[in-house]
Amino acid sequence: MTRVSRNFSDTVEKEALPAVSADVIFASSRFPNYKIGANNHIVNVKGDPKVLSMKEIVARETALLLEQQNRLSVRDLANKFEKGLAAAAKLSEEARLREAASLEKHVLLKKLRDALESLKGHVAGRNKDDVEEAIAMVEALAVQLTQREGELIQEKTEVKKLATFLKQASEDAKKLADEERAFARAEIENARAAVQRVEEALQEKEQMSRASGKQDLEELMKEVQEARRIKMLHQPSKVMDMEHELRALRVQLAEKSKHSLLLQKELARSKRVKENLSHLYELDGAEVLGSYLRIKPCSDIAPELSKCAIQWYRISSEGGKKELISGARKSVYAPEPFDVGRILQVEIIYDGQLIMLTTTGAIDPAAGLGNYVEALVWKHDVEFNVVVTQMNGVDQPSESIHVLHVGKMRMKLCKGKATIAKEYYSGLMQLCGVRGGGNAAAQALFWQAKKEFSVVLAFESERDRNAAIMLARRFAFDCNIMLAGPDDRASLGT
């Protein structure tokens, strides 16, 4: 076997080799890994599977950037694209370096092949075969280097596209950041202007409040001084004078009313005597809401009222229409709110003889009751303390206190925490004053909540009884229901 001498190797190293053409492109920046296997075949060594290629790294970074684009802020997005642009520039520079290294590898392979060709002419036999195999291996390496060179070209193209995309995205992000920054500055200026306007308004309001407070204080001091002066002089105020005058006028008016009523009764009695009517009974009591009227015998020959049939009527003061008051068959009758402005008449029948008694005028309203009811209307639920005297027509001996609730939608009767009756306003409900019953009739009312339940309730005063009736009828009317006593709806035309 012929050995290559040292002098020959030195000659080969010093020999001038032809240059590689300039259009050679290298596909990798490092020399390919390979080893010689059986029968002197070149075997590629597989790289570490954990090590990612530059193309995969770029693709992964691009996917992460696109994924984070929707949730990053404008400023962070701009910084991220700038970093991506810098990375793309770095990748381009690495590609350029790999291209130079690939060119150097082609040059080395060209020199090595030329050296082997020169060596092939100087050797013979088995050494020549070895040289030919070495030449074949160099040519195989050149083919692999060309393949890697194609991959490098494709990777370089993708890197250029990515760099262009990142550059445009970076410019768009900068533009968007500038727009958002300008918008934010405008919003800040508007907010500052609004805060300034609010501060100016608050200062102006504070100055006005101070001025008005000072003025009110001065007026209050003047009023206090005037009050002190009046108190020192012991002179009554004008309001006190007016109150005293009103009280005196009320007393005079009450006396005049009583005197007028007596005169009217005397006039009616004298008319009956002139007409030769038997004057056996008369109506006694004030003809005003809150009182009661009683049939009073005026003669010793007058029959007992318990043996007579009695029926009360209300007569309209305008048309003279006569309406029967259902259930009013006692000698005592307490007018209710429906009777205000109407004339009351009672018929007494004894042994076929009819005696009629009529009030001298229409029933007057109670003083101050209207204002009291108007004040209660604004409440959602009004409570009255009552005593149940009858339940379903049976007298109740107990006099325990119950509470009657008159609401806008319903009425409720309670005893402590227990509810005895609770019904919404309906066409079956009845409510009116007690039609008979003695001196307490003016303080009692009849309430039929439903067909199988009715009670007679006694109130603390006539005012509470009439107010409860008026309130319940007012609330029921708001629900399109006419709340009245037995048979009153027919007489009212409802």
Side-chain angles (χ1 to χ4, degrees), residues 22-32 47-106 145-213:
D23 59 348
V24 177
I25 300 175
F26 297 95
S28 177
S29 61
R30 60 184 178 84
F31 200 80
D48 189 358
K50 296 182 180 179
V51 179
L52 299 176
S53 65
M54 189 61 65
K55 180 180 179 181
E56 293 175 348
I57 293 175
V58 172
R60 187 176 65 177
E61 290 294 330
T62 304
L64 290 176
L65 285 176
L66 294 176
E67 213 173 32
Q68 295 177 357
Q69 184 177 4
N70 293 329
R71 66 174 185 267
L72 291 176
S73 64
V74 176
R75 183 179 298 175
D76 295 339
L77 189 62
N79 294 334
K80 199 72 176 179
F81 275 115
E82 289 178 358
K83 291 180 181 179
L85 186 61
K90 184 177 180 181
L91 291 175
S92 179
E93 182 65 22
E94 290 179 357
R96 188 181 64 79
L97 294 176
R98 286 198 299 271
E99 182 179 355
S102 178
L103 181 63
E104 292 177 359
K105 289 178 183 179
H106 274 285
L145 187 61
T146 304
Q147 292 177 354
R148 295 295 299 274
E149 181 180 337
E151 295 178 358
L152 181 62
I153 292 172
Q154 184 178 1
E155 184 178 346
K156 183 178 180 181
T157 304
E158 293 179 357
V159 169
K160 287 182 179 180
K161 290 181 180 179
L162 178 61
T164 304
F165 170 74
L166 291 176
K167 184 176 180 181
Q168 183 64 32
S170 178
E171 293 176 356
D172 294 341
K174 288 181 179 179
K175 183 178 179 181
L176 183 60
D178 294 338
E179 292 178 356
E180 291 294 332
R181 190 179 292 109
F183 179 73
R185 287 176 180 174
E187 291 292 331
I188 291 172
E189 292 298 328
N190 294 335
R192 287 178 179 174
V195 170
Q196 186 175 1
R197 289 195 300 270
V198 171
E199 290 179 352
E200 292 176 355
L202 288 175
Q203 291 177 359
E204 184 178 357
K205 185 176 181 181
E206 185 177 358
Q207 293 176 358
M208 292 176 63
S209 63
R210 288 179 181 176
S212 62

Salt bridge (Lys or Arg N to Asp or Glu O under 4.0 Å) against Glu204, all qualifying residues, sequence neighbours excluded: none
Residues that Glu200 engages under side-chain hydrogen bond (donor to acceptor under 3.5 Å, both in side chains), provided they are two or more places apart: none
By side chain to side chain contact (heavy atoms under 4.5 Å, CB included) - contacts of Arg185 (at least two apart): Arg181
For Glu199, salt bridge (Lys or Arg N to Asp or Glu O under 4.0 Å) partners two or more places apart: none
